[in-house]
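Both ligands and their constituent atoms are indexed starting at 1 by order of listing. Count residues from 1 along the sequence.
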Amino acid sequence: MIPATLITHLQAARRIVVLTGAGVSAESGVPTFREAQTGLWTRYRPEDLATPEAFLRNPKLIWDWYSWRKKLVTEVQPNPGHYALAEIENYIATFTLVTQNVDGLHQRAGSHNVLELHGNILRTKCFDEGTLVAKGDENGSVPPRCPRCGGLLRPDVVWFGELLPSDVLRQAMQAAQTCDTFFSVGTSALVQPAAALPWLALEHGAVVVEVNPQATPLTDHAAYVLPGPSGVVLPELVRAVWGKNSPSTDENHHPGRSEANHS
Ligand code: BJW
């Protein structure tokens, strides 16, 4: 069900950016943010946990939430969506994977050029100094304390109200402005500044493709919408574009928008 015109476009594509969100890891068993939370954490909203204020209010609660999630991400495996994205990197001259995910599953699937906008849950840093702490330097308290200054340790992720790593954001914006094709995959496209990246790509003439079973604020503006789980859609796309499968119908193409993007 990959539109024939999209297949043709991708066969000639030179610069592709893919922005991923929690939906890409959903099929690995990692819960998304704005869908139902599971287990112990059903009574909390991520917006109430993923802030510096929440951490300072109740450091143990937040540390425990992240400990639970850290354990989860080390126990799950990358899914076919992650592997398909790692494979596309082999076919495209300039391929940038920009992820909002903090789980490291793209790297474990073999992706190399990965920009982590929101950090990585498996790294730990000092809340006060911002310096990274090597594994094993964490002491036994909950949360552990910084071996240098005694401050509280926290995961090296970006919480609401915090700045994204400036160099990573700059590279992502640069890639979005200069790509010929921009994929938005498995993200609700709500959280800024990541959500602005597809719009930046649109403004600069890229063909924007969305992969998501649900509609988002981007859906009506994308040239192509591939509605389905990324673990199914992305491998199908790789087969259709770079494999031996023949192209299918054009039913998900929004022709007017695509032409506008190329004008
Ligand atoms: C599938 C699927 C399958 C399911 N296949 N798909 C401008 C306007 C208004 C507000 C702001 C603004 N600029 C900044 C803000 C404030 C704020 C913000 O954006 N708020 C919004 C809620 C409005 N942004 C910030 O605070 C950022 N900092 C910043 O901008 O600093 C400067 C500043 C501050 C304050 C004011 C102004 C400027 C920082 C944002 C940090 C986000 N951090 C988190 C937590 C990371 C750590 C952790 O993991 O705990 O990042 S929040 C959470 O949301 C996480 C995610 O990376 C992020 C995005 O979520 P994502 O990935 O899109 O997940 P979901 O759950 O929302 O969606 C999943 C999607 O998957 C759904 O669409 C499903 O349909 C789909 N799906 N199964 C494909 N199988």
Side-chain angles (χ1 to χ4, degrees), residues 18-38 41 44-55 61-73 76 78-85 97-106 114-125 127 154-166 168-170 172-173 183-200 209-219 222 225-237:
V18 180
L19 171 68
T20 63
V24 171
S25 295
E27 290 156 85
S28 293
V30 181
T32 60
F33 288 90
R34 282 155 198 86
E35 299 172 293
Q37 292 285 293
T38 54
W41 302 103
Y44 300 99
R45 293 186 318 138
E47 286 81 353
D48 296 333
L49 297 173
T51 69
E53 293 78 17
F55 181 72
L61 173 75
I62 304 304
W63 184 268
D64 284 347
W65 186 50
Y66 280 98
S67 295
W68 172 75
R69 290 176 54 203
K70 268 196 261 192
K71 183 166 181 294
L72 179 74
V73 305
V76 301
N79 67 59
H82 294 108
Y83 287 113
L85 291 173
L97 183 48
V98 182
T99 188
Q100 299 169 84
N101 298 346
V102 298
D103 56 29
L105 287 174
H106 286 303
V114 183
L115 298 177
E116 291 181 319
L117 287 178
H118 294 163
N120 191 303
I121 198 172
L122 297 175
R123 289 192 303 261
T124 299
K125 68 180 181 184
F127 184 88
R154 54 163 286 182
D156 183 25
V157 296
V158 181
W159 285 330
F160 283 113
E162 295 187 315
L163 293 176
L164 277 65
S166 57
V168 175
L169 179 60
R170 188 189 51 72
M173 290 174 69
F183 281 85
S184 177
V185 185
T187 173
S188 55
L190 292 171
V191 175
Q192 300 290 352
L197 293 171
W199 299 94
L200 198 57
V209 184
E210 181 173 69
V211 180
N212 198 317
Q214 306 292 330
T216 76
L218 184 65
T219 306
V225 177
L226 305 177
S230 49
V232 175
V233 171
L234 292 174
E236 186 186 339
L237 182 96

So which protein heavy atom does atom 72 (C) of ligand 1 come closest to, and at what separation?
N212 ND2, 3.9 Å
Charged N-O contact under 4.0 Å between E162 and R154
yes
the protein heavy atom lying closest to atom 4 (C) of ligand 1 turns out to be E35 OE1, 3.5 Å
Which residue and non-hydrogen atom of the protein lie closest to atom 43 (N) of ligand 1, and at what distance in Å?
V158 O, 2.9 Å
Report yes or no: does a heavy atom of P213 sit under 4.0 Å from some atom of ligand 1?
yes
Do me a favour and list the nearest non-hydrogen protein atom to atom 19 (O) of ligand 1 with residue, atom name and distance?
Q192 N, 2.7 Å
So which protein heavy atom does atom 30 (O) of ligand 1 come closest to, and at what separation?
P193 CD, 3.7 Å
Tell me, which protein residue and heavy-atom name are nearest atom 28 (N) of ligand 1, and how many Å apart are they?
E162 O, 2.7 Å
Can you tell me which portion of H118 lies within the under-4.0 Å heavy-atom range of ligand 1? Options are side chain, backbone, both, or neither.
side chain
Which bit of V191 gets closer than 4.0 Å to ligand 1, counting heavy atoms only: side chain, backbone, both or neither?
both
Closest protein heavy atom (residue, atom, distance) for atom 26 (O) of ligand 1:
G161 N, 2.7 Å
What's the shortest distance from atom 49 (O) of ligand 1 to any protein heavy atom, and which residue and atom give it?
R69 NH2, 2.7 Å
